[in-house]
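Encoded as structure tokens, the structure appears first; notes follow it.
Quick note: numbers below take in every heavy atom, side chains included, and nothing from hydrogens, waters or symmetry partners. Just so we're clear, the structure is a prediction, and the values are computed from it rather than from any experiment. Letters A, B, ... are given to chains in the order of the sequence lines, protein chains preceding strands, and every chain is numbered from 1.
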Amino acid sequence: MKQLAMFASQFGAKITLNPELVVEKAQRYYFLNATLKKLARGDFYSAGLYLGKVKNGVFFPSFNLLDMLVDLAANKVVLDRKTAWLFICGRDVFRTGILRVCGSKRKGAATLVLNEFGECLGFGRITGSLDEAEGRVVVRNILDVGDFLRRER
Amino acid sequence: MSSREFFVNRYAQLGWNFRVAEARQAIRINQTNAKSKNLPERLRSIGVQLEKAPFLESGYWVGKSKVSAGATAEYLLGLYSIQEAAAQIPATLFTALRGKTVLDACAAPGGKTVELSDLMGNTGSVVALDVNKMRLAALSNQLERCHVSNAVVYNLDARQASRLSLKFDRILLDVPCSGNFASDKLWFNRRTLKDAERNAQLQREILSEALKCLAPNGEIVYSTCSLEPEEDELNMDWAVKNLNLQIEKVNCHGEKGLTEVFGQKLDASVERCKRIWPENTQGFFVCKLTKRTVQP
């Protein structure tokens with residue numbers, strides 16, 4: 001739970017999940033509904049909503065967790081269609097591709113990356129001033145939904 | 001006689017004249033995630049050509065498209081799944097899925113698990129089993145991509161499902177099978193009748209085990225993508241005669257199940273099964289079973 005809270009706080013978000021419904025197994029976190037909690041045995045492979053894993057002391061979020069943060073997070077950038085496509089191909093974001101910014105514009109802050117429909121494509125870290133950095137990378141891609149395709153390779 | 005001639009001859013004996021067929025790529029809209037997003041229009045706007053599959057509520061065939069349907073943002077966001085059209089049928093045959101405890105006994109790679117969860121609106125619970133641990137990674141990826149929150153996955157052989165000590169209201173048995181030529185170009189070179197017979201035995205074992213886990217008033221949907229009657233009608237005839245199961249009428253795409261196979265007369269109720277010969281879809285077989293309440 002601490003790992004989840006720390007991760008969420010990077011975005012200026014406070015996540016409140018019932019700790020009784022969060023299950024850790026092999027350093028992977030799952031959020032179960034009450035029915036699943038009663039029914040799931042300890043030897044499951046996965047259960048409920050996968051939230052993320054800790055590897056070598058680093059927390060790697062799932063897209064389920066990022067989705068949960070969309071309504072909570074202060075830090076968000078909304079991309080235009082072309083930039084959104086480039087982002088899910090693993091590219092960083094240039095200032096010109098950003099339609100809207102919410103929350104922190106501070107260099108080094110984590111930000112969720114959304115498409116024009118408000119759907120979460122992943123997250124990144126702000127690398128330059130969002131106010132004045134025309135033509136430069138301003139959000140470094142850390143994780144994007146294209147990861148689902150890369151995992152299959 | 002070549003393997004191809006052997007099987008083509010068998011299909012002729014079953015009343016179907018062989019013709020080359022290839023299953024068209026199809027998608028299924030995940031209604032839970034895509035609600036009010038007008039997804040077909042959104043996909044058309046990015047160059048994915050869709051044609052509604054007339055026998056499916058949420059299924060579309062993919063026409064010639066500018067982009068791959070398996071690599072759009074909408075796919076990666078879990079708004080739809082790539083799922084062969086006939087394979088979308090089994091999960092839709094259950095009644096009243098919401099809030100139920102459901103078993104998907106041979107679940108990987110997870111297309112039908114996601115579909116079940118979608119039809120349940122992420123309520124109740126889906127227990128997904130697969131014997132092959134390597135395939136569970138693909139299954140878990142599907143569940144994450146589609147934001148499934150009501151499933152628990154075990155690395156367990158369907159023939160050991162009763163070890164979970166659970167009773168299920170609905171059981172999907174999309175059992176391992178021999179496949180068919182419409183989804184595998186080399187099918188005729190790969191398969192023999194012995195494969196079908198071996199699979200048929202495995203399928204009977206899975207069906208017998210599933211019955212132990214079925215709750216009162218529960219439903220089983222059995223499906224294969226095999227055209228071989230050993231894995232289809234003959235197994236259902238066996239289930240009716242040996243497992244005290246009855247075949248329910250279903251209203252879905254497909255022809256009546258065969259009630260006479262290579263001169264052998266089967267229980268008349270086997271015609272309630274649905275057999276789909278390949279055309280726009282792959283070859284498929286599906287039926288719904290319940291426990292018999294009155295002895296014949």
Side-chain angles (χ1 to χ4, degrees), chain A residues 21 23 25 28 30-53 60-68 70 79 81-90 113-122 143-153, chain B residues 33-34 36-39 42 45-46 67-68 70-79 99-102 107-110 113 117 120 122-130 133 135-156 163-168:
Chain A
L21 297 178
V23 175
K25 193 189 170 201
R28 286 171 176 261
Y30 301 91
F31 183 59
L32 278 56
N33 64 29
T35 317
L36 275 186
K37 176 74 179 172
K38 277 188 219 154
L39 172 150
R41 303 188 318 185
D43 60 343
F44 64 74
Y45 182 86
S46 75
L49 272 184
Y50 170 57
L51 297 173
K53 67 180 174 188
F60 293 85
S62 73
F63 291 98
N64 293 320
L65 180 62
L66 296 182
D67 240 31
M68 286 173 155
V70 170
L79 308 185
R81 190 174 288 199
K82 185 180 168 194
T83 309
W85 173 247
L86 291 170
F87 182 76
I88 66 175
C89 293
V113 177
L114 313 183
N115 66 8
E116 60 187 319
F117 303 104
E119 295 153 347
C120 184
L121 303 174
L143 180 68
D144 66 81
V145 289
D147 191 57
F148 285 116
L149 296 178
R150 290 175 218 123
R151 288 177 199 176
E152 287 172 12
R153 286 186 196 141
Chain B
N33 298 338
S36 70
K37 290 190 192 274
N38 196 5
L39 189 65
R42 198 165 140 181
S45 77
I46 58 169
V67 293
S68 162
T72 66
E74 288 74 10
Y75 171 76
L76 297 168
L77 289 164
L79 303 185
K100 295 286 193 293
T101 304
V102 180
T113 315
S117 179
M120 295 163 80
N122 261 326
T123 63
S125 52
V126 183
V127 176
L129 311 182
D130 206 279
K133 195 166 186 178
R135 283 160 57 90
L136 292 183
L139 169 58
S140 293
N141 282 342
Q142 287 255 38
L143 299 181
E144 183 187 350
R145 183 181 62 82
C146 297
H147 306 286
V148 169
S149 63
N150 65 340
V152 54
V153 179
Y154 294 103
N155 181 204
L156 186 66
R163 286 190 186 181
L164 294 169
S165 307
L166 293 170
K167 290 289 180 191
F168 296 96

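Considering all non-hydrogen atoms of both residues, Leu49(A) and Ser149(B) come closest at CG-CB, 3.6 Å. The minimum heavy-atom distance between Leu143(B) and Ser46(A), with the atom names listed, is CD1-OG, 4.4 Å. In terms of heavy atoms, Ser140(B) sits closest to Tyr45(A) at OG-CE2, 3.1 Å. Contact record, Gly124(B) with Asn33(A): O-ND2, 3.7 Å, taken as the closest heavy-atom pair. Residues Val145(A) and Leu76(B) approach most closely at O-CD2, 3.6 Å, considering heavy atoms. The minimum heavy-atom distance between Leu77(B) and Cys120(A), with the atom names listed, is CD2-O, 3.3 Å.
The most heavy-atom pairs under 4.5 Å with chain B, out of Leu39(A), Thr35(A), Leu32(A), come from Leu39(A). Comparing Arg42(B), Gln142(B), Lys133(B) by how many heavy-atom pairs each has under 4.5 Å with chain A, the most go to Arg42(B). The greatest number of non-hydrogen atom pairs below 4.5 Å with chain A, out of Leu136(B), Leu139(B), Asn155(B), is found for Leu136(B). The residue among Ala128(B), Ala137(B), Gly99(B), Ser117(B) with the most heavy atom pairs within less than 4.5 Å of chain A is Ala137(B). Interface summary for chain A: among Ala71(B), Ala138(B), Ser165(B), the most heavy-atom pairs under 4.5 angstrom belong to Ala71(B).
Put simply, CG on Leu149(A) and OH on Tyr75(B) are 7.0 Å apart, with the number rounded to the nearest 0.5 Å. From Asp43(A), atom CG reaches atom CG of Leu164(B) across 8.0 Å, with rounding to the nearest 0.5 Å.
Contacts between Phe44(A) and chain B at a heavy-atom distance below 4.5 Å involve backbone atoms as well as side-chain atoms. Contact of Thr123(B) with chain A is not made at all, since no heavy-atom distance falls under 4.5 Å. For Ala151(B), the part lying near chain A is the backbone, with the side chain staying farther off; criterion is any non-hydrogen pair under 4.5 Å. Only the side chain of Asn115(A) comes within less than 4.5 Å of a heavy atom in chain B; its backbone stays farther off. Residue contact with chain B, scored on non-hydrogen atoms closer than 4.5 Å, involves the side chain of Asp67(A) exclusively.
Side-chain N or O atoms of Tyr154(B) include one that pairs as donor or acceptor with a backbone N or O of Arg41(A) at under 3.5 Å.
Classification of Glu144(B) and Lys53(A) as a salt-bridged pair fails, no side-chain N sitting under 4.0 Å from a carboxylate O.
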